[in-house]
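A short write-up of the structure that comes next.
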Amino acid sequence: MPAFFSSFGGAELLAVASSLSFTVTLIALRKGMQTGTPLAAVLTINAIVSGGGLAIALFRGTLQSSSLVPLLWFAAMGAVGAGAGSICRMVAAVRMGLGPSTLVASTTPLWGTLLAILALGEEPTARVWVGTLCIVGGVSLITLARERESISFRDWFRGALIYPVVASFVYAIAPVFTKFAYAHQKTPMAGLGVAFAVGGAVLLAAKPLLPGGGMIRATRKSLLLFIFGGVFNLIAAICFMTALTFGNLSSILPVSRLTPLWVVLFSPLILGKLERLTWLLFFAA
């Protein structure tokens, strides 16, 4: 599959597919978290992505043939991304508010491009830099447009700012670790299985430190929505991890963050009164 896609510059196409699939996940979580808790949602998704990745890797034989070094890199990827990144985002959403924390966390593509240059030796073109800046700017404007009536910046420099900053950085580090793993073996499905299992374990270990003690609660309806979102998150993760097997991180990561565009376009049709589309949001997207 990578050979087929690479002939058409398909790493970016897979990144777009990843962002589209993750949009379905976000919409499902948005509806599910009306009656379920964020930690329940994240743990459900981690379990589905990990189980799906391990099952596919086992079926294809790549799990059995995996060596220790790439598995350790995948474990590190899960610890910083699905683990530490998720923890920081949850804390940031409580201490700063969802809007401001999302705005700061949207700088991930910038960190990713810088790390791709420093750690991977990539040389992004001017077009990649312009595109990255446009994506970051658009996501920031979307966040401000959504939260313009309630957004508050007064607590940003009282210790809360560190959480979304760390989240944005570790989300950029995670795919770099994936690239390090691929230098030894290109086993994306085994990587998903290990990474999200480790991420889930980190979340459970940090449960007492999370807001409200990290309550895990879900009704039947919310659990079904979390599972539905988890399936699409698995698809998104497969697309992203596959793209990294042959594409450059500096172009894949920014494109994979196009999710706010799809959310703005599709969520009013699905979420109805929960989301309202304005001209400013449309322009930002």
Summary of side chain to side chain donor-acceptor pair (under 3.5 Å) pairs that have at least one residue in residues 38-57, sequence neighbours excluded: none
Side chain Thr242, main chain Cys239, donor-acceptor under 3.5 Å: no
Residues, nucleotides or ligands: over 12 heavy atoms within 6.0 Å of Gln64 CD: yes
Sequence neighbours excluded, every pair satisfying side chain to side chain donor-acceptor pair (under 3.5 Å) that has a member inside residues 188-200: none
Sequence-distant partners of Pro254, side chain to side chain contact (heavy atoms under 4.5 Å, CB included), two or more places apart: Pro109, Thr113, Thr132, Ile135
Hydrophobic cluster of Ile48, others only, ordered by chain and residue number, side-chain cut-off 4.5 Å: Leu223, Ile227
Co-membership, hydrophobic cluster, residues Tyr171 and Met241, 4.5 Å side-chain: no
Partners meeting side-chain hydrogen bond (donor to acceptor under 3.5 Å, both in side chains) with Thr37 (sequence neighbours left out): none
Transitive ILVMFWY side-chain link Leu71 to Val69, under 4.5 Å: yes
Glu122 side chain to Ser250 backbone, donor-acceptor under 3.5 Å: yes
Residues that, via side-chain heavy atoms closer than 4.5 angstrom, fall in one hydrophobic cluster with Leu114: Ile117, Trp129
With Ser168 via side-chain hydrogen bond (donor to acceptor under 3.5 Å, both in side chains) - residues at least two apart: Thr107, Trp111
ILVMFWY cluster membership beyond Leu133 - transitive side-chain contacts under 4.5 angstrom: Leu110, Val136
Cluster check Tyr182, Leu72: I/L/V/M/F/W/Y, side chain < 4.5 angstrom: no
Ser21 side chain reached by Asn233 side chain, heavy atoms, under 4.5 Å: no
Pairwise side-chain contact, Leu209 with Ile87, heavy-atom cut-off 4.5 Å (strictly under): no
Close side-chain approach of Ser66 to Gln185, heavy-atom, < 4.5 Å: yes
Side chain proximity check, Thr25 to Phe226, heavy atoms < 4.5 angstrom: no
Verify same cluster id: Leu26, Leu225 (apolar side-chain graph, 4.5 Å): no
Side chain to side chain, Phe74 and Pro188, heavy atoms closer than 4.5 Å: no
Residue pair Ile216 / Leu43, side-chain heavy-atom distance below 4.5 Å: yes
side-chain contact (heavy atoms from CB on, under 4.5 Å) evaluation trace for Trp73 with His184: CA-CA 10 Å; Trp73 279 119; His184 299 274; 4.2 Å; yes
side-chain hydrogen bond (donor to acceptor under 3.5 Å, both in side chains) partners of Ser19, counting only residues at least two apart: Trp262
Under 4.5 Å side-chain linkage, directly or through intermediates, the cluster mates of Phe228: Val24, Phe232, Ile235
Cluster overlap Ile252 with Met77, hydrophobic side-chain contacts below 4.5 Å: yes
For a quick test of your reading: what N or O donor-acceptor pairs under 3.5 Å do the side chains of residues 172-180 make, sequence neighbours left out?
unit_1	atom_1	unit_2	atom_2	d
Thr178	OG1	Ala174	O	3.2
Lys179	NZ	Leu244	O	2.8
Lys179	NZ	Gly247	O	2.5

With sequence neighbours excluded, residues passing side-chain hydrogen bond (donor to acceptor under 3.5 Å, both in side chains) with Ser222: Thr219
